[in-house]
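The figures here come from the full heavy-atom set of this structure, side chains too, leaving out hydrogens, waters and symmetry mates.
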Amino acid sequence: MAGDHGFPTLLQTVLDCPDARALAEFYRELLGLSYRPGDEPPGPGEPDPQGQDWLVLRDPVGQRRLAFQQVASLPPPTWPDGPRPQMLHLDLTVPSAEELDRQHERATQLGARMLHDRSDDPQEPLRVYADPAGHPFCLFVAG
């Protein structure tokens, strides 16, 4: 329960984005998450009021993990070069270099764009991507 030990509880990470449904779908597929009840995509041709505002993804045990807030515009970070820093990024881990390669294929097929490749690092193989809205995220083998 929030505040049980005198501290706030982190509920979820929220990403601003110009298309909440598209970004939620990207992370739902990439991470195997599911929508909070009521946030599921509507049927074909039906309006999507939730997708125009705020969506939440949960893990298999029902914990909120990511939320997506639609904004009118969002200049993407220019990291590692340029005037706009990344400000926040997600760290995603895999158990092996082989799994890093497999997840690289999945991420790029889903629409991620690789920003930096350090997959040959013997200590911590790592790749940095931009999601479809431009938010950076790392995929690496945790040591």
Side-chain angles (χ1 to χ4, degrees), residues 2-3 5-44 46-143:
H5 302 287
F7 300 101
T9 300
L10 178 63
L11 180 63
Q12 61 202 358
T13 299
V14 180
L15 298 173
D16 286 354
C17 50
D19 186 340
R21 179 65 67 196
L23 196 60
E25 278 295 297
F26 170 81
Y27 281 107
R28 185 185 67 78
E29 288 285 332
L30 182 68
L31 300 175
L33 301 174
S34 61
Y35 285 103
R36 169 182 66 173
D39 284 353
E40 299 89 353
E46 293 182 27
D48 188 11
Q50 288 297 103
Q52 300 299 310
D53 183 31
W54 180 268
L55 298 168
V56 175
L57 292 177
R58 304 182 319 168
D59 66 17
V61 296
Q63 295 286 76
R64 293 175 179 219
R65 293 296 172 203
L66 292 172
F68 307 88
Q69 179 173 312
Q70 186 147 328
V71 296
S73 68
L74 182 71
T78 56
W79 181 91
D81 302 311
R84 289 188 304 274
Q86 59 183 324
M87 294 175 56
L88 173 129
H89 72 272
L90 302 175
D91 278 349
L92 310 175
T93 64
V94 295
S96 67
E98 293 78 22
E99 187 64 11
L100 178 64
D101 290 339
R102 190 175 87 74
Q103 294 301 325
H104 166 75
E105 292 303 320
R106 286 189 66 247
T108 56
Q109 287 175 357
L110 290 168
R113 179 174 44 89
M114 193 165 59
L115 300 175
H116 181 70
D117 186 351
R118 202 181 77 200
S119 58
D120 59 352
D121 184 315
Q123 302 273 338
E124 187 177 71
L126 167 110
R127 289 188 178 111
V128 181
Y129 303 86
D131 69 23
H135 304 102
F137 68 93
C138 296
L139 190 53
F140 63 99
V141 180

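With rounding to the nearest 0.5 Å, the separation of CD in Gln103 from OG1 in Thr93 is 10.5 Å. For the atom pair CG of Leu23 and CG of Leu66, the computed distance is 8.5 Å after rounding to the nearest 0.5 Å. Here CG of Asp19 is found 12.0 Å from CG of Leu74. Values are rounded to the nearest 0.5 Å. Atom CG of Leu33 and atom CD of Glu25 lie 11.0 Å apart (nearest 0.5 Å). How far CZ of Arg64 is from CG of Leu57: 11.0 Å, rounded to the nearest 0.5 Å. Rounded to the nearest 0.5 Å, atoms CD (Gln70) and CG (Leu55) are 8.5 Å apart.
The minimum heavy-atom distance linking Pro125 with Ser119 is given by the pair CB-O, 3.4 Å. The two residues Ala97 and Val141 make their nearest non-hydrogen contact at N-CG2, 3.7 Å. Taking every heavy atom of both residues into account, Cys138 and Asp91 meet most closely at CB-OD1, 3.5 Å. For Glu99 against Val94, the heavy-atom pair with the smallest separation is CG-CB, 3.7 Å. Closest approach of Gly111 to Pro132, counting heavy atoms only: O-CG, 3.9 Å. Scanning all heavy atoms of the two residues, the minimum distance from Gly38 to Glu40 falls at N-OE1, 2.9 Å.
Between Tyr129 and Phe137, the ring planes lie parallel to each other; the angle is under 30°, not in the 30° to 60° tilted range.
Ion pairing between a basic and an acidic side chain is recognised when a charged N comes within 4.0 Å of a carboxylate O; Arg106 and Glu29 show no such pairing.
No side-chain heavy atom of Val14 sits less than 4.5 Å from a side-chain heavy atom of Phe68. At least one side-chain heavy atom of Arg36 sits less than 4.5 Å from a side-chain heavy atom of Trp54. Side-chain contact between Leu139 and Leu126 is absent, with no heavy atoms from C-beta onward closer than 4.5 Å. Residues Arg65 and Leu31 fail the side-chain proximity criterion, which asks for heavy atoms closer than 4.5 Å. Leu90 has its side chain out of reach of Asp131: every pair of non-hydrogen atoms, C-beta onward, lies at least 4.5 Å apart. A heavy-atom distance below 4.5 Å is found between the side chains of Asp39 and Gln50. Contact check for Arg127 versus Asp101: side-chain heavy atoms found under the 4.5 Å cut-off. A heavy-atom distance below 4.5 Å is not found between the side chains of Pro41 and Asp48.
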### Message
For a side chain to side chain donor-acceptor pair (under 3.5 Å) check, start with the C-alpha distance between Gln109 and Glu105, then their side-chain angles and the critical distance, and finish with the verdict.
### Response
CA-CA 6 Å; Gln109 287 175 357; Glu105 292 303 320; 4.5 Å; no
### Message
Checking Tyr27 against Leu15 for the side-chain contact (heavy atoms from CB on, under 4.5 Å) test, could you report, in this order, the C-alpha distance in whole Å, the side-chain angles of both residues, the deciding distance, and whether it holds?
### Response
CA-CA 11 Å; Tyr27 281 107; Leu15 298 173; 3.8 Å; yes
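Listed for the Arg118 side chain is no donor-acceptor partner under 3.5 Å among the backbone atoms of Val128.
Geometric assessment of Arg21 against the ring of Tyr35 yields a positive cation-pi assignment under the 6.0 Å and 45° thresholds.
In this view, Asp53 satisfies the salt bridge (charged side-chain N to carboxylate O under 4.0 Å, His left out) rule with no residue, not counting sequence neighbours. For Pro76, the side-chain contact (heavy atoms from CB on, under 4.5 Å) partners at least two apart in sequence or on another chain are Arg84.
Counting non-hydrogen atoms of neighbouring residues, nucleotides and ligands closer than 6.0 angstrom, the CD atom of Glu46 exceeds 12 such neighbours.
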